[in-house]
Structure formats: structure tokens, C-alpha cells
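Everything below concerns the one structure shown next.
It should be emphasised that the depicted structure is a prediction, and the values quoted were computed from it without experimental measurement. Chain identifiers are assigned alphabetically (A, B, ...) following the order of the sequence lines, protein sequences preceding nucleic acid strands; residue numbering begins at 1 within each chain.
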Amino acid sequence: MTKKDQKIRCPECGEVELIRDYERAELICTNCGLVIKEKMMDFGPEWRIFDKEQTKERVRVGAPATYTIHDKGLTTVIGWKDKDIYGRNLPPIRRAQIYRLRKLQRRLSVSDVIERNLVFALSELNRMASHLGLPKNVKESAAVIYRKAVELNLIKGRSIEEVTAAAIYAACRQCKIPITLDEISEVSRIEKKNLGRNYRFLAKKLHMLFPPANPIDYVPKFASELGLSSKVQNMAISIIKQASAKGITFGKGPKSIAAAAIYIAGMLMEERRTQKQIAEVARVTEVTIRNRYKELVEKLDLKTL
DNA sequence: AAGACGAAAGTGGTTGA
DNA sequence: TCAACAACTTTCGTCTT
């Protein structure tokens, strides 16, 4: 926590204690569970720092090796000035030498097509991840997934953007971050269906079959976008739990279930939101919410709640 | 007038032959 | 590879608040 964080108060209840959820990139109130800031950037240091000594030490180590830079950030850079370390001009022979070295290094560092594509892909990946406000660990796993895809020659016949976007989606699934294909397709130029196809292809080839997303994961996200209290969230979650215990949720879209549960919880807790509002944040149609909601009410006997 | 409801037709993806 | 199928969407008319 930096000083800046401590000055932020929860607008709902005035609570000062806030927690940062780096996994979800959210700033959350410890008292009422309100998500104050979403999609925040991760400005923190790479490692945890425990005392002043370490602050100095850790700052001095430089940037950590990262998969999001094509050579993992381990390049040597030859300066462009023809001066030595004392600032004197170099003799002509030395200058020619350095010139050749620079030229060589330029070619070596981004030599073949694969490397050049990797540079492009990773910059795309960084761009998209920033737009989506994804935390660093997700970016890293997306980069790792992309690298694996390159190794296995899965890029052929697919555009770099497609695979990059799919890698991000896969990374989010892996890190249990609720995200929709729509959200990714908004920040890339890839259509949703294309994205889904590529994701499945990647997942299959890389043997990363993730269990279908859990509706509960979507609840905090949707609820905070709708400005609903934590009471409604808890109610929605308990509805989902009951539903999945009865096997109603099986085979249904997780977003639909979460949306319907929030709708019901909102009505029960007198924090009603219209189907349209919920449909918008959940990115499903009102009709779907209605169908799920009808089903839930029927099978869970919610009149007793 | 806005929201909720539901019927009907259409879409894209999965599955099984 | 194709057809059947479930989930979901789109569209639109009707009822309710």
C-alpha cells in the first residue's frame, strides 16, 4: 500500500481499509465489498518489499526477465554515440568496428521472421492487456501460451492477432478472471466467433482444457458494474450454489446463470435492476435472463426466501 | 411510457453417426 | 462430413406497472 491508496475512501460506507485484488485488478472495500476501482494498472514493484534495506536492493536489480518482451528483456544495447565511457571521441578504426557491431546486433536481435513476428505479437498482447486492465500475471501467462503456440507451429494459417487474442482469453481462463469473448473482441479486431474458434484450437493443441467458467466468478463483476451492494452479491451467490447443487446450471451459459441470479437477488433485496440493465453488463439478452430466471424460480422454490 | 413477458424464427457450436 | 440438437439471440406483439 502506498500513501496514495490510504487516502481513498469507500464511497459507499466511508471505510478506509481497502484491499487490492491483484488477481482481478480491483480495489475492494473490506467493509462492504464494493469494488471501487476496476481494471487498474499494476504499478507495483515486481517483488514484495519488506523493509528499507530491501527497497534499495530490489530497485537496483533492474527490470525482471519477462515473457512479454520478445527476448525476455535480456538484450544488450550498444549505444549510438561514438564516444567511449569517458565521453572522448573514438578513433576512426574503433568507430568502424562499433558500427559493424551495431549492424550485426540489429540483425541478430530481431533476425528471422519468427522473432520479428514475436515482437509484433507481444506488443499487440501488451496493448490488448492494458486496454482490458489485466494484471501482470495474466499478461505473462498469455505470453507463455503464445510462445508455446509458436513452438508448436500453430500460427500457420492464422493471423498473429487471432492467436494473440486467443492466448489472452486462455490466460484469463487459467487465472480465473471473468472475461467475455466480447470484451476481447472489442479491443482487438477479431470477431467473437473467430476468437472462440481459435481459443478452442489453442486449448486443444496445448492440452489446456479448463473447466467451464463458474457463474459465481461473474457475480462480483456484474454486481459492481450495476452498483449493487454486497448483500445482493451474497444472495446471488447463494442462489447459484443452490442451483448448481440441483444440477440446474449444467450445460447452461455461466453468464446467463449469474445474470439471472443477480436479477432475482436484486428483487429480493429491494435493489431492483431492470432486465435490460443486467443484460447489458452480462452481455446476454433479456430473453435469456428471463428464461434462466424462470427456471431458477421454478426449480428452487424461491418463494420461501 | 417503460419494463416485463413470451412466441417464433434464426444463429453458431457441439455431437454422434 | 453432415444432420440433429440445445443454448442462445433477434424480433416483435402483448400485457403490466
Side-chain angles (χ1 to χ4, degrees), chain A residues 145 149 154 156-159 161-174 178-219 221-223 225-229 232 235-236 239-303 305:
Chain A
I145 291 167
L154 304 178
K156 266 182 204 162
R158 263 163 276 271
S159 77
E161 282 120 317
E162 281 170 351
V163 182
T164 315
I168 288 186
Y169 184 68
C172 288
R173 291 290 289 273
Q174 200 170 34
I179 196 162
T180 58
L181 287 172
D182 288 287
E183 284 173 272
I184 294 179
S185 94
E186 269 167 29
V187 299
S188 61
R189 271 165 294 155
I190 317 297
E191 294 162 58
K192 187 182 160 192
K193 58 176 178 179
N194 210 336
L195 197 54
R197 200 171 54 219
N198 278 294
Y199 159 70
R200 278 192 302 280
F201 178 78
L202 265 191
K204 201 157 106 190
K205 293 287 177 179
L206 297 177
H207 307 290
M208 329 186 300
L209 289 172
F210 303 115
N214 189 342
I216 293 173
D217 288 333
Y218 289 102
V219 171
K221 180 176 162 162
F222 293 165
E225 275 177 52
L226 290 162
L228 290 163
S229 70
V232 179
M235 167 75 67
I239 290 171
I240 293 170
K241 278 183 183 158
Q242 288 176 54
S244 58
K246 290 199 174 187
I248 303 170
T249 58
F250 186 77
K252 307 290 196 308
K255 279 179 297 168
S256 324
I257 305 280
I262 286 176
Y263 180 64
I264 297 170
M267 288 195 305
L268 293 172
M269 308 302 283
E270 319 225 304
E271 287 186 46
R272 204 188 176 91
R273 294 292 180 277
T274 65
Q275 294 178 357
K276 197 177 168 188
Q277 287 172 309
I278 297 174
E280 210 166 294
V281 299
R283 291 160 208 267
V284 294
T285 60
E286 299 159 60
V287 182
T288 305
I289 294 179
R290 280 202 288 278
N291 291 337
R292 293 289 81 79
Y293 139 77
K294 240 180 11 182
E295 200 173 55
L296 287 178
V297 172
E298 267 171 33
K299 304 202 172 155
L300 287 184
D301 197 26
L302 285 166
K303 280 154 265 167
L305 282 167

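- The backbone N or O of A:Thr274 sits less than 3.5 Å from a side-chain atom of A:Gln277, completing a donor-acceptor pair.
- Taking only side-chain atoms of A:Thr274, from C-beta outward, the nucleotide of B:dC5, B:dG3, B:dG6 with the closest atom is B:dG3.
- Comparing A:Val287 and A:Lys276 against DNA chain B, the residue whose closest nucleotide sits nearer the 5' end is A:Lys276.
- Counting to the nearest Å, the C1' atom of B:dT14 and the CZ atom of A:Phe201 are 18 Å from each other.
- Formation of a donor-acceptor pair under 3.5 Å by the A:Arg273 side chain with backbone atoms of A:Leu226 is found in this model.
- If you take CG of A:Asn291 and P of B:dA7, they are 10 Å apart, rounded to a whole angstrom.
- Stems are defined here as 3 or more consecutive Watson-Crick or G-U wobble pairs with pairing distances under 3.5 Å; those involving DNA chain C are B:1-11 with C:7-17, B:13-17 with C:1-5.
- Nucleotide B:dG3 holds its P atom 8 Å from the CD atom of A:Gln277, rounded to whole Å.
- In the interface, the side chain of A:Arg200 is not paired with the base of B:dG13 through any donor and acceptor atom under 3.5 Å apart.
- Rounded to an integer number of Å, the gap from A:Glu298 CD to B:dC5 C1' is 14 Å.
- One finds a side-chain N or O of A:Tyr263 lying less than 4.0 angstrom from the OP1 or OP2 phosphate oxygen of B:dA4.
- Put simply, CZ on A:Arg290 is 14 Å from P on C:dC8, counting in whole angstrom units.
- A:Arg290 is not listed as a side-chain neighbour of A:Tyr263, based on a closest heavy-atom distance of 4.5 Å or more.
- Within the 3.5 Å criterion, the main-chain N or O of A:Glu295 finds no donor-acceptor partner in the side chain of A:Glu298.
- Checking the phosphate oxygens (OP1, OP2) of C:dC8, a side-chain nitrogen or oxygen of A:Arg292 falls inside 4.0 Å.
- Between A:Ala261 and A:Leu296, the shortest heavy-atom distance links the atoms N-CD1, 4.1 Å.
- Look at CZ on A:Arg272: it is 8 Å from C1' on B:dA4, rounded to the nearest Å.
- Protein atom CD of A:Glu286 is 19 Å distant from nucleotide atom P of C:dC15, rounded to whole Å.
- One interatomic measurement links the two molecules: OH of A:Tyr293 to P of B:dG3, which rounds to 16 Å at whole-angstrom precision.
- Remark: A:Arg158 qualifies as a cation-pi partner of A:Phe201 under the 6.0 Å distance and 45° angle criteria applied to the six-membered ring.
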Show the numbers, then the answer: is there a side chain to side chain donor-acceptor pair (under 3.5 Å) between A:Glu161 and A:Thr164?
CA-CA 5 Å; A:Glu161 282 120 317; A:Thr164 315; over 6 Å; no

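- Minimum atom distance to the side chain of A:Thr285 is reached by C:dT10, of the listed C:dC8, B:dC5, C:dT10.
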